Amino acid sequence: MPSLLVLNGPNLNLFGTRQPEIYGSTTLADIETLCRDTAASLGYEIAFEQSNHEGVLIDHIQAAKGVHAGIAFNAAAYTHTSVALYDALVSVELPTVEVHASNVHAREPFRHKSFIAAASIGVIAGFGAQSYALAIRALAEHLK
Ligand code: DQA
């Protein structure tokens, strides 16, 4: 079965308890289940990873080439800062969807800048855990 990488950046392990007024009460484990179920319904399996470390995220992106058909990527705060993650994404040339649980464009101005968007086929933000399901659907459509 073809597979997708769902990659999560710093502090996303705290989903469920972190700023629930912004991110809700859904945990990262709940999101993983949602991703697995959504992907399976579309004929994909997933690898689901989270790291608080930029270099580890880069390692996951580099290792995805030839293994995964695409990436759903919530780079969290690194979205707004990381040229290195942008470089990793353009290097592997895998279709990537940028994901955010919150609507970053309705938040602080520093969240309006994304280094990930320019290396992505699209961006989904603001739908909570459903942002991930929508990203997987978008990847599956793109890969048809
Ligand atoms: C986030 C939005 C980012 O601005 C923030 O740094 C996060 C989470 C989201 O999913 O809404 O950690 O990526």
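We count ligands from 1, going down the list as the structure has it; atoms in each ligand are counted the same way. As the structure is a prediction and not an experimental result, all values here were calculated from the model.
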* If we only count N/O pairs under 3.5 Å, is Arg111 in contact with ligand 1? -> yes
* Evaluate side chain to side chain contact (heavy atoms under 4.5 Å, CB included) for His68 paired with Leu4, printing each intermediate quantity in order. => CA-CA 5 Å; His68 300 293; Leu4 304 171; 5.7 Å; no
* To do: Quick one: look up the protein heavy atom nearest atom 1 (C) of ligand 1 and list residue, atom name and how far away it is.
  => His100 ND1, 3.6 Å
* Please determine, by modelled atom types, if Thr27 and Asp30 share a side-chain donor-acceptor pair under 3.5 angstrom. => yes
* Asked: Non-hydrogen atoms of Val104 versus ligand 1: any pair closer than 4.0 Å?
  -> yes
* Asked: Nearest to atom 9 (C) of ligand 1, what protein heavy atom do you find, and at what distance?
  -> Ala101 N, 3.4 Å
* Asked: Taking N or O atoms only and a 3.5 Å limit, does Ala77 qualify as a polar contact for ligand 1?
  -> yes
* Relative to atom 12 (O) of ligand 1, which among Arg18, His80, Gln19 owns the nearest non-hydrogen atom? -> Arg18
* In terms of residue, atom name and distance, what is the protein heavy atom nearest to atom 7 (C) of ligand 1? -> Tyr23 OH, 3.5 Å
* Asked: Side chains of Thr79 and Glu98: is there a donor and an acceptor less than 3.5 Å apart?
  -> no
* Verify the distance criterion only: is there a donor paired with an acceptor across the side chains of Glu54 and Asn52 at less than 3.5 Å? => no
* Structure fact -> If you scan protein heavy atoms around atom 11 (O) of ligand 1, the nearest is Ser102 OG, 2.6 Å
* Report yes or no: does His112 contribute a side-chain atom to a donor-acceptor pair with the main-chain N or O of His105 at less than 3.5 Å? => yes
* **Any Asn74 heavy atom less than 4.0 Å to ligand 1** => yes
* Asked: Under the 4.5 Å side-chain heavy-atom rule for ILVMFWY, direct or indirect, which residues accompany Tyr86?
  -> Val83, Val90, Phe115
* From Leu7 atom CG to Ile58 atom CD1, the distance as rounded to the nearest 0.5 Å -> 10.5 Å
